[in-house]
Amino acid sequence: MRDEQNGHNPALTELRRMLSSGLARMRLDKTALAGRAGLGRTIVSQAFQTDGPVPSAQTVAALAQALKLPSEELLVLQREAARSGVNDRPGPGRLITEWEPHDLEIHPAGHSKAVDSSDVPGTRPLPGYVRSDHDRVLAEAVKDAVAGRSRIVVLVGTSSTGKTRACWEAVQPLAEKGWRLWHPFDPTRAEAALEDLHRVRPRSVVWLNEAQHYLGHREAGERIAAALQTLLTTPERGPVLVLSTLWTEYDTRYTALPSSEGQDPHSRTRELLSGRTLSVPETFDAQALATAKALADDGDQLLTDALTRVGADGRLAQDLAGAPELLHRYERATPAARAVLKAAMDARRLGVGLHLPQAFLADAASDYLTDNEYDQLTDDWAEQAFAELAKPVHGKQAPLHNTTPRPRRRPPSPSLPADPPRPATAGSMLRLADYLEQHGRTTRSPLSACLLLARRLHSPHPPRRPGRPRRGRRGPRPPAMGPPPSIPRRRPRQHQRPVCPGRDAGGRGGPGGG
């Protein structure tokens, strides 16, 4: 008798046939059998699955007693099945060395020519890695797995703090030892995990990035947590290493104790996470920033670029993760939103402060639109543009976000009154993302900033309120420079143009001009 599904293991086939016959004779379902045998429902189910692992001797003995089957005969079959090497068959996943790190949802870092020109998988560069305290804990878990002890580590932190990258660095010693990695995601994360967790073989890494998609699933979350617990606590299925990442708010939700009168929707998940979470800091400390600078000095261009934008706050990982998305949003923005960003870039190049008035940007943006784009503006174009630019990308960054200037600090003195509280003007002051400001300084033409300055300085009209720059959809566009009525020009005259960087007073190109 041969069984293709069980790797040509006749002993395992016969064992399962006898168990199925006993189950039918006793007229029990697997849930009732689990209760009678004192076993978990998942363990009992796996004992009957044609593609499942060989059940342990303890499981077979308990099932034989519950089904009133000859235990000695079943145990002989169990030993023969275990010796046949069925567990050597590949389980889900593939060798770690065959994975491209970005396919495991590691955010592409920064923006460089190497990234732009790379269309071949496996060639997109990763920035140098800076190790921290949580990396040492991960390394200990990997050593335990190599020694034959199954482990799970769940990295908890906010978005784009380097959690997934830390997991990738941790599994590299296992790659050298021929371990496999399984990333369940098809057809959905929860469905894939629930369907194939029982097929995970020893010397495998289970990669559960963004664990809220697995453990937080309304129908499957608790079943996935139970299956993971079984995988980790069944010796014959190990060693395995489960690596997972989780946002802080979900960790708080899943581990919260239920109220005495309410339901407990995350009991299995809370048990799984207990004592197995590891916090990842949101920022790089001084020592980590110094290590990153050393890597940058050794030629790491991605870190070099990011460190020019990261100050003492240490949000280096967020900058690396968010930069490509910020540029993507700028290049694919609607015409009105892109015009607002261009106005903000030019204003910053001219030395305008970090905090840009929203009314000023709305007024200036109309000058960056073509006639066709201008004619298609709706009455609420400004609101839509600012709402589009306020949506965050990785690392909780937005192309343009609301900001409130800090009040001036004064020494305590009875003769100097404190600054009055600022009025509630939500959204009136905005700040351009540092990466886009840097991008504008390197890509925008010097003349574009000068034209912005000229239009703002020479326009006799007060700044328009954020909204559509004109009332009707037809009629002439109001001149931006305020020339005489007989000369309806939108651009300033040559003699009105201010002196711009790189040009002399006559408008001729000077040193550095273009």
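Computed over heavy atoms, backbone and side chain alike; hydrogens, waters and symmetry mates excluded. Here, residue 1 is the first one in the sequence, and each next residue gets the next number. Everything quoted here is computed from the prediction, not taken from an experiment.
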Do the non-hydrogen side-chain atoms of [X] and [Y] ever get within less than 4.5 Å of each other?
X      : Y      : result
Val146 : Leu174 : yes
Leu155 : Cys167 : yes
Leu341 : Pro399 : yes
Thr277 : Thr255 : no
Arg268 : Ile224 : no
Leu246 : Leu215 : no
Pro335 : Leu369 : yes
Ile152 : Leu231 : no

Exercise. Does a donor on one side chain and an acceptor on the other come within less than 3.5 Å for Ser56 and Thr59?
Worked result: yes
For this session: Evaluate the criterion side-chain contact (heavy atoms from CB on, under 4.5 Å) for residue pair Thr245 and Val280; output intermediate values, then yes/no.
Result: CA-CA 10 Å; Thr245 67; Val280 175; over 6 Å; no
Exercise. Crowded around Gln172 CD? As in, over 12 foreign heavy atoms under 6.0 Å?
Worked result: yes
Exercise. If you count the non-hydrogen atoms of other residues, nucleotides and ligands that lie under 6.0 Å from CZ in Arg223, is the total more than 12?
Worked result: no
Please find the pair of heavy atoms, one from [X] and one from [Y], that lie closest to each other, and give the distance.
X      : Y      : result
Pro281 : Thr161 : O-CB, 3.8 Å
Leu389 : Ala337 : CD1-O, 3.6 Å
Val60  : Pro55  : CG2-CG, 3.9 Å
Pro92  : Asp196 : CG-O, 4.0 Å
Trp182 : Ala193 : CH2-CA, 3.8 Å
Ala288 : Val130 : O-CG1, 3.7 Å

Could you check whether any side-chain N or O of [X] sits under 3.5 Å from a backbone N or O of [Y], counting only pairs where one atom can act as donor and the other as acceptor?
X      : Y      : result
Arg189 : Leu208 : no
Arg149 : Pro239 : no
Glu222 : Ser267 : yes
Ser274 : Arg270 : no
Ser204 : Arg180 : no
Lys163 : Ser279 : no
Arg36  : Ala34  : no
Glu388 : Thr334 : yes
Gln263 : Pro265 : no
Ser45  : Arg41  : no

Problem set entry | Derivation of the side-chain contact (heavy atoms from CB on, under 4.5 Å) call for Leu307 and Lys293 | CA-CA 7 Å; Leu307 286 170; Lys293 186 178 185 306; 4.2 Å; yes
If I take atom [atom1] from residue [X] and atom [atom2] from residue [Y], how far apart are they, to the nearest 0.5 angstrom?
X      : Y      : atom1 : atom2 : result
Gln212 : Tyr254 : CD    : OH    : 6.0 Å
Leu197 : Gln46  : CG    : CD    : 9.0 Å
Leu19  : Gln78  : CG    : CD    : 11.0 Å
Asn209 : His183 : CG    : NE2   : 6.0 Å
Arg338 : Glu373 : CZ    : CD    : 6.5 Å
Leu181 : Arg94  : CG    : CZ    : 8.5 Å

For this session: On the 0 to 90° scale, with breaks at 30° and 60°, tag the Trp168-Trp207 ring pair as parallel, tilted or perpendicular.
Result: perpendicular
For this session: Any chance you could lay out the side-chain contact (heavy atoms from CB on, under 4.5 Å) test for Tyr214 and Leu228, step after step, and finish with the verdict?
Result: CA-CA 11 Å; Tyr214 302 94; Leu228 287 170; over 6 Å; no
For this session: Would you check, one step at a time, whether the test side-chain contact (heavy atoms from CB on, under 4.5 Å) holds for Leu232 with Val240?
Result: CA-CA 7 Å; Leu232 294 166; Val240 297; 4.2 Å; yes
For this session: Apply salt bridge (charged side-chain N to carboxylate O under 4.0 Å, His left out) to the pair Glu169 and Arg165, showing each step before the final yes or no.
Result: CA-CA 6 Å; Glu169 296 297 326; Arg165 175 69 187 278; 2.8 Å; yes
